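Note on naming: letters A, B, ... go to the chains in the order of the sequence lines (proteins, then strands), and numbering restarts at 1 for each one. Quick caveat, the model's predicted, so the values are computed rather than measured.
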Amino acid sequence: MIQTTENTIKQNATVARLLHHMASGYKYLGNQERFRAIAYEIAARTVNNLQADISAYAEDKKALDQLNGIGSSIAEKIIEYLKTGKVKKYEELKQQIPEELLDMMDITGFGPALVKVLHEQLGINTRAELLKAIDEGRLEGIKGFGNKKIENIKRGLHLFEEAQSRLLLWDALLAGNKILQAIRQFPEVRKAELAGSVRRGRETVGDIDIIVMATLKDQKKLADKIQKLPGIVRILAGGDTKVSLLLQNQTQVDVRIVTENAYGAALLYFTGSKEHNVRLRIIAREKGWKLNEYGLFDLKTDKYLAGKTEEEMYRYIGLQFIPPELREDKGEIDLAAKNKLPVLVTLKDIKGDMHLHSKWSDGEEEIEALARYVMKTFPQYEYLVVTDHSPSERISHGLEPDDFIRQFREIDQVNKKIGRDFIKKGVEVDILADGQLDLPDDLLEKFDWVVASIHSGLAQDNTQRLLKACEHPAVNCIGHPGGRLVGTRDAYPVNWRQLIDKAAATGTALEINAQPGRMDLQDDLVKMAIDKGVQLVIDTDAHAKMHFDLMQLGVTIARRGWCKKEDVLNTISWREVTALRNKKIKTKRKH
DNA sequence: GCCGTTTTCGGCCCGACTGTTTTCAGTCG
């Protein structure tokens, strides 16, 4: 059976959601069921993070049982769901708690206790009913419901609507760094860093976490100053050590102010992920210690053992330092214990950008201006491959074959002028509906580098088109393979196993496109690709000077996919790149 | 409901902040 990753993700997400709902149900039933609720929550998380398709386990209870947090009972329920589409136990739960009520427990500030009061005392089962009850003033006078509480309920409902659109990683990085810089200006601040999912490089971000180091006596003063920074529309919480702010774009920023001894501990704690931290705390516990956001302590004597830096803490616990991008409890802790973590690719390893556009098609800059800007801004780069569009891309001023020949001459002249062979001749060629390319083979072989991309037929399954493009001897790389725009347009269906196997077999690279809305390949597919030995290329797809900064974003995605320097093609010299290209053209010609 | 290099029973991560109540429950991360 052909199973695409997109379907896998959906199927796994459906099962995870069911388990999450059951967890919420048990939370609702009260304290005596809380551990059962936690168990379901962990199982939901495991299924959500599963690489393989959950339905592959349908016949294999033992394999399910092996998974973290899934035992005999939950395994049976998963199998029951996969076979019948229902779980009897969940149907029973829904008799006691309407499903919409379970959904409401996902709203910020809404826990089981609140939802229970709404249901039992006011007969409210849905968000719509709650909004109506608020309008009619029916919440007032209920025990425990003061003005502020009702305000918080309203805000939670409002945020829930907004939360559908989480911040893209790049936007979060920009916003986070801006406020970070402002905080660093205060003389009381000794150190400050981003934490949370931004630091881990998650592709969308809910809120921004910042850890600040200050002396004990400065904490309160600093907390007050931070609350008065410009650009803040609201203070959500303001204690001595924790400040929560709402920015104009409705992004929440949580700032924690800690002392020197706790800085590493706080950074570790608030970088997460939650699952990673829970694992660390269990390890600490086994050794007779206690791990919290203030440090590592002896459980019996409460003696402080470590906490100034993350490095110190990992070392003390007996682990290699784990880069933030890997902290997802996906096997990194076991490898760190054996000192076998991969050495991840860094921005410094990158030797060039291999997908970008000039004024010849839809870019903003002349080739010479691009060359001069990049040589100055990224002195470590050894090459820049200009890859303008091919004829089919009318809307982007795709070039005709003759145009490319003229562009070749211009590139030669620019290289002569700048005194080095810096600009390479490339193309982003369109993959047509039938998998053919829209430039003739003899021209394609004249390029130094060929990226092939799909820009049409974005709803259909495009596996066959991509496979055919990989087989073309002149194609070196598939551009933005998934075709998605985060939050705007879903990826087209692709059988990723097939594409990755084909890319590996034909020596075709897959691109990590670092445009903020693309991030394509995404991190889990990156991991899948490198596990099969596929070469990746990290590209900015720059259309303007400022886009070259996006290389950092691409590197972050690669790191989240466990990429080493060796997995990334644009970390090698141009001579080696050319050797690979020649090898593909030669081998394919023989067939 | 899950899990086990002291355990197949008896644990299960932990502290800050909020709002409302007057000593704490609820929620979050």
Candidate nucleotides dG29(B), dG15(B), dT27(B), ranked by approach to the side chain of D207(A) - the nearest: dG29(B)

Which nucleotide in dC17(B), dT27(B), dT20(B) has an atom nearest any side-chain atom of P112(A): dT27(B)

Using atom [atom1] in both nucleotides, what's the gap between [N] and [M] to the nearest angstrom?
{"N": "dC28(B)", "M": "dT20(B)", "atom1": "P", "value": "16 Å"}
{"N": "dT7(B)", "M": "dC2(B)", "atom1": "P", "value": "22 Å"}
{"N": "dT18(B)", "M": "dC12(B)", "atom1": "C1'", "value": "27 Å"}

Pairs flagged by salt bridge (Lys or Arg N to Asp or Glu O under 4.0 Å) wherever residues 62-83 of chain A is involved - sequence neighbours left out: K61(A)-E76(A)

Please tabulate, for side-chain N and O atoms in residues 98-106 of chain A, each donor-acceptor pair with protein atoms closer than 3.5 Å (sequence neighbours left out).
unit_1  : atom_1 : unit_2 : atom_2 : d
E99(A)  : OE2    : Y90(A) : OH     : 2.8
D103(A) : OD1    : R17(A) : NH2    : 2.7
D103(A) : OD1    : H21(A) : NE2    : 3.0
D106(A) : OD1    : H20(A) : NE2    : 2.7
D106(A) : OD2    : H20(A) : NE2    : 3.4

All salt bridge (Lys or Arg N to Asp or Glu O under 4.0 Å) counterparts of K225(A), not counting sequence neighbours: E188(A)

Salt-bridge criterion met for R560(A) and D523(A) (N-O under 4.0 Å): yes

Quick one: side chains of residues 189-199 of chain A, donor-acceptor pairs under 3.5 Å with protein atoms, not counting sequence neighbours, listed by atom name and distance.
unit_1  : atom_1 : unit_2  : atom_2 : d
E193(A) : OE2    : Y263(A) : OH     : 3.0
R199(A) : NH1    : T271(A) : OG1    : 2.8
R199(A) : NH1    : E310(A) : OE2    : 2.9
R199(A) : NH2    : E310(A) : OE1    : 2.8

Please output the side-chain donor-acceptor pairs of residues 130-141 of chain A that fall under 3.5 Å, not counting sequence neighbours, one pair per line with the distance.
unit_1  : atom_1 : unit_2  : atom_2 : d
R138(A) : NH2    : L122(A) : O      : 3.1

Where protein sits on nucleotides 1-12 of chain B, one letter per nucleotide: B base, S sugar-phosphate only, - none, heavy atoms under 4.0 Å: BSS--------B

